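First listed ligand is number 1; within each ligand, the first listed atom is number 1. Being a predicted model, the structure only gives us computed values, none of them experimental.
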Amino acid sequence: MTSRPECLKVVVLAGGVGGARMARGFARIPSVKLSVVVNVGDDDWFHGLKVCPDLDTVLYTLSGVVNRSQGWGVADDATRALDTLRKLESPDTWMTLGDADLGLHIYRTQALRSGQMLTQTMSHVARRFGLGASLLPVSDQECPTLVDTEEGLLRFQEWFVKSRGMPRVRGLSFQGAAQASVTLEVSQAFSNADLIVIAPSNPLLSIDPMLAIQGFRTLVSESKAPRVAISPLIRGRAVKGPLVKLLEDLEAPATSEAIASHYAGLVDAFVVDQEEPAEVVAGVAHHMRALQMPTLMSDEARSQELAGKLLAWHQSI
Ligand code: FO1
């Protein structure tokens, strides 16, 4: 009788699109038991409904229904409900919520109103969408990211979607995060983990809001499992999203070395793209072990290739 190969427990820390693409790579490897711990700082309320963009992006990506060109929302979704809201001059119709997507927001809001925790609700949703992975909000409490801009204090989606990320950013804060706590499910995922991966998500907007939650930084930094982060920059450019402009606004360098130094003490190794020159690798190596791999996850096969290389690194240490 052949023995079953050991299952490797991988925890991925994820924001939106970069996190979802990293998670889909591990989700396709049969020997991996995957938990995705997701940022809730982007969550907000629209038309009386709770919207959780990062959780939903991971859900839609792992279940294969995501709108691939956008990276968020459901493929081929219509906006008939939104058209009605616009006709009725309802507020906040700048956030494009598709009809299929609205079904999820209605379900989630009802479940929360009936007293369920977000973790329970998303666990049911993930099962019904056929996910093999655990989809874990980092906290069940609300801790919205606030963007301090030249136009005043904006909630994350107001800054990113309504104002197209244009107003110059002076700082970021994570309301209530220091008083919020991580869930038991997240703590357990960390205790059991064999490998912890910080996805190539925006460090300031996706990972920092999680690290600001009471106890979360310690969970990561004191974990016995090897920890690795992947740079969201390739040759000084972000694959998607406002990272470079945000770093410029905050007068911080848009380099992989600066991001590696941001994660110093939190991870054992930092991955930069294979296209990066030797100077970038050497710069990262000042802070921690530098690894070079193909990091552009433009399709499922490339996500799986990166996940496979991270597992090979794990085996080699
Ligand atoms: N991003 C946009 O650029 N415009 C939108 O209208 C928009 C709507 C939207 C609705 C649901 C959802 O789950 C995500 C949505 N996003 C939209 C993406 C979202 O703002 C970002 O992906 C994340 O918050 C950043 O990770």
> Please state which part of L97 comes within less than 4.0 Å of ligand 1, counting heavy atoms only: side chain, backbone, both or neither.
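It is the side chain that touches ligand 1; the backbone stays farther off.
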> What do the steps show when you test D249 against K245 for salt bridge (charged side-chain N to carboxylate O under 4.0 Å, His left out), and what is the final call?
CA-CA 6 Å; D249 284 1; K245 183 195 176 273; 2.7 Å; yes
> Under 4.0 Å between a Lys/Arg side-chain N and an Asp/Glu carboxylate O for R170 and E251?
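A salt bridge is absent here (no side-chain N lies under 4.0 Å from a carboxylate O).
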> Considering heavy atoms of the protein only, find what lies nearest to atom 21 (C) of ligand 1 and give residue, atom and distance to 0.1 Å.
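For this ligand atom, the closest protein heavy atom is F160 CE2, 3.7 Å.
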> Between S206 and S201, do the side chains contain a donor N or O and an acceptor N or O under 3.5 Å apart?
no
> Which protein non-hydrogen atom lies closest to atom 20 (O) of ligand 1, naming both residue and atom, and how far is it?
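Residue, atom and distance for the closest contact: Q157 OE1, 2.7 Å.
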> Which of the atoms of ligand 1 are close to D42, meaning less than 4.0 Å from one of its heavy atoms?
23 (C), 24 (O), 25 (C), 26 (O)
> Just to check, does Y60 reach to within less than 4.0 Å of ligand 1 when the distance is taken from its heavy atoms?
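No, Y60 has no heavy atom closer than 4.0 Å to ligand 1.
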> I need the nearest protein heavy-atom contact for atom 4 (N) of ligand 1: residue, atom name and distance, please.
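Checked against all protein heavy atoms, atom 4 (N) of ligand 1 sits closest to V161 CG1, 3.5 Å.
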> Please write down residue, atom name and distance for the protein heavy atom closest to atom 15 (C) of ligand 1.
W72 CE3, 3.4 Å
> Provide, to 0.1 Å, the distance between atom 10 (C) of ligand 1 and the closest protein heavy atom, together with that atom's residue and name.
T96 O, 3.3 Å
> For F156 and W159, take the angle between the two ring planes, folded into 0 to 90°, and tell me which bin it lands in: parallel under 30, tilted 30 to 60, perpendicular over 60.
tilted
> Check the pair E248 / R168 against salt bridge (charged side-chain N to carboxylate O under 4.0 Å, His left out), numbers first and verdict last.
CA-CA 9 Å; E248 281 167 6; R168 198 182 155 87; over 6 Å; no
> Tell me whether the rings of F190 and F216 are parallel (<30°), tilted (30 to 60°) or perpendicular (>60°).
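It falls in the perpendicular class, over 60°.
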> What atoms of ligand 1 come closer than 4.0 angstrom to any heavy atom of W94?
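Near W94, the atoms of ligand 1 are 6 (O).
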> Please round to the nearest 0.5 Å and tell me the distance separating atom CG of D44 and atom CG of D92.
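The CG atom of D44 sits 8.0 Å away from the CG atom of D92.
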> Under 6.0 Å between ring centres, would you say that holds for H124 and Y107?
yes
> Which heavy atom of the protein is the closest neighbour of atom 26 (O) of ligand 1, given with residue, atom name and distance?
D54 OD1, 3.0 Å
> Considering only heavy atoms, which of G241, G98, P53 lies nearest to atom 12 (C) of ligand 1?
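When every heavy atom of G241, G98, P53 is considered, P53 comes closest to atom 12 (C) of ligand 1.
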> Salt bridge or not for R108 and D56, using N-O below 4.0 Å?
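Looking at R108 and D56, the cut-off is met.
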> Yes or no: does T57 have any heavy atom under 4.0 Å from an atom of ligand 1?
no
> Of all the non-hydrogen atoms in the protein, which one sits nearest to atom 11 (C) of ligand 1, and at what distance?
D101 OD2, 3.5 Å
